Protein chains: 2
Amino acid sequence: MLGKDYEGQDCALARALEVVGERWTLLIVRDALYGVRRFNDFQAHLDIPKAILSGRLNGLVDDGIVDRLPDPDHRGRHLYHLTQAGKDLWPVIHSLLVWGDRYREGSCRVFQHAGCGTPLDDRGTCPHCKVAPGPDDILTKPLRRTSRDDPVARSLRRPHRMLDPVPEA
Amino acid sequence: MLGKDYEGQDCALARALEVVGERWTLLIVRDALYGVRRFNDFQAHLDIPKAILSGRLNGLVDDGIVDRLPDPDHRGRHLYHLTQAGKDLWPVIHSLLVWGDRYREGSCRVFQHAGCGTPLDDRGTCPHCKVAPGPDDILTKPLRRTSRDDPVARSLRRPHRMLDPVPEA
DNA sequence: GCCGTGGGTCTGTTCACTGAACCCAAACGC
DNA sequence: GCGTTTGGGTTCAGTGAACAGACCCACGGC
């Protein structure tokens, strides 16, 4: 995107959008929250050109949203996983999911507090425990079968805890 | 943006980003929440090329985020104001503001519940009343002087209720 | 009539997104 | 050993969006 910055805007919103406002970036963060960690899995699940994915992951590493670690099972490969700053983007993703669910198309997933199983409300809080759990304390499961059929989509059909790594295909 | 859609993504997040994921769009919605309604005011406050602003406003009207009404004071001009779907983007804006505040730069504004004056917490709820007020029930005021000096920025230096129209320059 | 202003549209340049091709190192089949 | 596949990229040309600036038209003031 030409000029991804918003120089003149003295505003925290503009600063946040400079990091996550580019095309694909929030979808990558969403997948990372779902537990995707391998380059190939992102690519398979997002249908994103490799050059763009590579650039976005580098940018997210530079911006401190994601850490790049060597993959212990495969020399020369990497695992990308969210930093605390990345995990703290969950409220952003969740509020967009809620809005899209209400005004565009029904959601395909439900999110519930891992501690008690209660579905989260629109503000991301557990109505039972009165807390706003972070992603590592949330279970998600699909509401319906989606149209995708890649290895990541297949793993995500089973209920699982957010941030839990998706198994290798 | 070439291909603003995310066809293969069967997900409410992708649908939401198809509406508000383009450059400038969320900043326009932010200004609309602050009470900006005139084409010229958006342009002055955002430093956005007129062609882009025109395109974005048309897109937002098409997507049902904004209504275009004739300006009763100036024949031939329009006022853009948020629909309910647009006002419901407030949680998205707020969560991005909170994230940008924490990880990028300190916020320049504070938001408080109009009913009781209590500042909102990070989830957008009023800790005193235990409700999540909509934008028409929120007061905002600047925390510090910003670097901008256009007519809209000057009006926004005074505390005011969100969605209240900014006065004509 | 003339000028200034609001709200655009048009134009040419720059630059990001895209798919396809290419590359290299490691793992695998035999 | 050797050829092939796979992962994780980089490079390339084509396309279309973003941008600044020029232009345009309707209205109001004088």
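Every chain is numbered from 1 and lettered A, B, ... according to where its sequence line falls, protein lines coming before strand lines. Remember, it's a predicted structure, so these values are computed and weren't measured experimentally.
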May I have the distance from [X] (atom [atom1]) to [N] (atom [atom2]), rounded to whole angstrom?
X	N	atom1	atom2	value
B:I48	C:dG8	CD1	C1'	13 Å
B:D41	C:dG7	CG	P	8 Å
B:K50	C:dG8	NZ	C1'	6 Å
B:I28	C:dG7	CD1	C1'	15 Å
B:I52	C:dC10	CD1	P	14 Å
B:R37	C:dG6	CZ	C1'	18 Å
A:R23	C:dC15	CZ	C1'	16 Å
A:D71	D:dG9	CG	P	11 Å

Using only side-chain N and O atoms of [X], determine if any of them is under 4.0 Å from OP1 or OP2 of [N].
X	N	value
A:R38	D:dG8	no
A:S54	D:dT10	yes
A:H78	D:dG7	no
A:W24	C:dT18	yes

A:D149/A:R154 ion pair, N-O < 4.0 Å: yes
[X], nearest nucleotide to its side chain (from [options]):
X	options	result
B:P49	D:dC19, C:dG7, C:dC17	D:dC19
B:N40	D:dT10, C:dG8, C:dG6	C:dG6
A:Y80	C:dG8, D:dG9, C:dT18	D:dG9
B:A51	C:dG8, D:dG8, C:dT9	C:dT9

First encountered from the 5' end of DNA chain D, between A:G55 and A:R77: A:R77
Can you see whether B:R68 engages B:Y80 through a side-chain donor-acceptor pair at a distance of less than 3.5 angstrom? yes
Closest non-hydrogen atoms of A:C11 and B:E105, given as atom of the first, atom of the second and distance, are N-OE2, 3.3 Å
Check A:W99 against B:D88 and note the closest heavy-atom contact, atom names and distance. CD1-O, 3.5 Å
Could you tell me the separation between the CG atom of B:L79 and the CZ atom of B:R37, rounded to the nearest 0.5 Å? 6.5 Å
